[in-house]
Protein chains: 2
Amino acid sequence: MDGIKILAKERLELHGIKPSMQRMAVMEYLITHRTHPTAEMIFTDLYPEMPTLSKATVYNTLNLLVERGVVRLITIEEKNARYDACMDPHIHFRCRNCGAILDIDVEKHWIPDMPAGMSVDMSETYCIGRCTKCNN
Amino acid sequence: MDGIKILAKERLELHGIKPSMQRMAVMEYLITHRTHPTAEMIFTDLYPEMPTLSKATVYNTLNLLVERGVVRLITIEEKNARYDACMDPHIHFRCRNCGAILDIDVEKHWIPDMPAGMSVDMSETYCIGRCTKCNN
DNA sequence: GTCCATAATTAGAATTATTCTATTTTTGTT
DNA sequence: AACAAAAATAGAATAATTCTAATTATGGAC
């Protein structure tokens, strides 16, 4: 169970981020919760065990993680930004009915041919539809 | 120049939306401005010629248009929702440097194989990188 | 170990996009 | 003209995120 703490620390250091308690807690949370949480959810869940934690720190940390390419920012929902520490190629599906956000594994992210001179760092594909539960 | 008014009206009626002045103005704006505008931009641009226009109406109209599938909602940017009346298959590219949002034409939208029971109504692909200008 | 500079965290205020509410206006029908 | 239903409106309310100014933690030099 402590392997996750080490993993979180390594991931931060690998990207030149100083592993403070708060940053490790956020990183660890994202590694263990593959639920595409919002900043609010992360804060609410961590707060009881870290009563000095501030929402600003959660936002600061998430912004830093996204900037450095440690986690993915998911904008499949208009309202809230969501975060995902899983960097394996996969896309996101949102059920129009129940709101669930699910991972769909893919071999490789799709990047269409780009006009000359344009370079692409990353791509995200979002699908909207009905999930298996809501289709029955 | 009036053909656009007719086109806007047709598009609304085709989707069962009553073509009020305000709705036509928004629809017309989206057809003529392929800039992926925000609700704010649409309001600001229309307001001088329609001084009774309210921001709520712009939002109401955009939400209705998206619900009915008349326009696409683009969430490539965290902050603002953007809207696009072009329904031909294309994806969006955002330049990390200058913020421009550009269209990239594609043959067909990519929808990967889905687990059984899941149905997909639509998909959006967003690429982030550097545009031609910013690469030089 | 203490001193210092720098970086990180914090609480709460500020900002801003969007939605909601209650009212007024418009539209279409008898 | 009278009425009901739908649409538009202004402004208040909400909520996600950022900003600000102050506090706390960290790591190196001595």
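Only this structure's heavy atoms are used, side chains among them; waters, hydrogens and symmetry mates stay out. In what follows, chains are A, B, ... by sequence order, proteins preceding strands, each numbered from 1.
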>> Strictly below 4.0 Å, N to O, side chains only: are A/Glu13 and A/Lys18 in salt-bridge contact?
In response: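 Looking at A/Lys18 together with A/Glu13, the answer is no, because their closest N to O distance does not fall below 4.0 Å.
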> Starting at the 5' end of DNA chain D, which residue's closest nucleotide do you reach first, B/Tyr47 or B/Ile17?
Replying inline: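 Of the two residues, B/Ile17 wins.
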>> Which is more 5' along DNA chain D, the nucleotide nearest B/Glu78 or the one nearest B/Met21? Just name the residue.
In response: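 Whichever sits nearer the 5' end wins; that is B/Met21.
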> Contact class for A/Thr38 (heavy atom, under 4.0 Å): base, sugar-phosphate, or nothing?
Replying inline: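 Counting heavy atoms under 4.0 Å across all strands, no contact is made by A/Thr38.
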Could you tell me the separation between the [atom1] atom of [X] and the [atom2] atom of [N], rounded to a whole number of Å?
| X | N | atom1 | atom2 | value |
| --- | --- | --- | --- | --- |
| B/Tyr59 | C/dT21 | OH | P | 17 Å |
| B/Arg23 | C/dT26 | CZ | P | 15 Å |
| B/Leu46 | D/dT9 | CG | C1' | 16 Å |
| A/Met24 | D/dA25 | CE | P | 17 Å |
| A/Leu62 | D/dT18 | CG | P | 10 Å |
| B/Asn60 | C/dT18 | CG | P | 13 Å |
| A/Lys79 | C/dT19 | NZ | P | 5 Å |
| B/Glu40 | C/dA17 | CD | P | 6 Å |

>> Let me spell it out: for each of A/Leu64 and B/Ala39, pick the nucleotide of DNA chain C with the closest heavy atom. Which residue's pick is nearer the 5' end?
In response: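 Closest to the 5' end, via its nearest nucleotide, is A/Leu64.
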> If you pin B/Ala56 and A/Thr61 to their nearest nucleotides in DNA chain C, which one's is more 5'?
Replying inline: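 Its nearest nucleotide being more 5', the pick is A/Thr61.
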> Run the salt bridge (Lys or Arg N to Asp or Glu O under 4.0 Å) check on B/Glu77 and B/Arg94 step by step: do they pass?
Replying inline: CA-CA 8 Å; B/Glu77 248 198 6; B/Arg94 177 161 56 84; 5.4 Å; no
>> Applying side chain to side chain donor-acceptor pair (under 3.5 Å) to B/Asp84 and B/His90, what does each step give before you reach the verdict?
In response: CA-CA 11 Å; B/Asp84 189 345; B/His90 68 281; 2.9 Å; yes
Side chain of [X] only, please: which of [options] is the nearest?
| X | options | answer |
| --- | --- | --- |
| B/Lys55 | C/dT10, C/dT18, D/dA6 | C/dT18 |
| A/Leu53 | C/dT10, D/dA16, C/dA8 | C/dT10 |
| B/Thr57 | D/dA16, D/dA8, C/dA17 | D/dA8 |
| A/Asn63 | D/dA16, D/dA7, D/dT18 | D/dT18 |

> Does B/Gln22 have a side-chain nitrogen or oxygen under 4.0 Å from the phosphate oxygens OP1 or OP2 of D/dT9?
Replying inline: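 Yes, such a contact exists.
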>> Just N and O in the side chain of A/Ser20: are any of them under 4.0 Å from OP1 or OP2 of C/dT9?
In response: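 Affirmative; the distance criterion is met.
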> So A/His92 and A/His36, would you call those rings parallel, tilted or perpendicular, with 30° and 60° as cut-offs?
Replying inline: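 If you compare the ring of A/His92 with that of A/His36, the planes turn out perpendicular.
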>> Ring centroids only, cut at 6.0 angstrom: are A/Tyr126 and A/Phe93 within range, meaning strictly under it?
In response: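 When the ring centroids of A/Tyr126 and A/Phe93 are compared, they turn out to be at least 6.0 Å apart.
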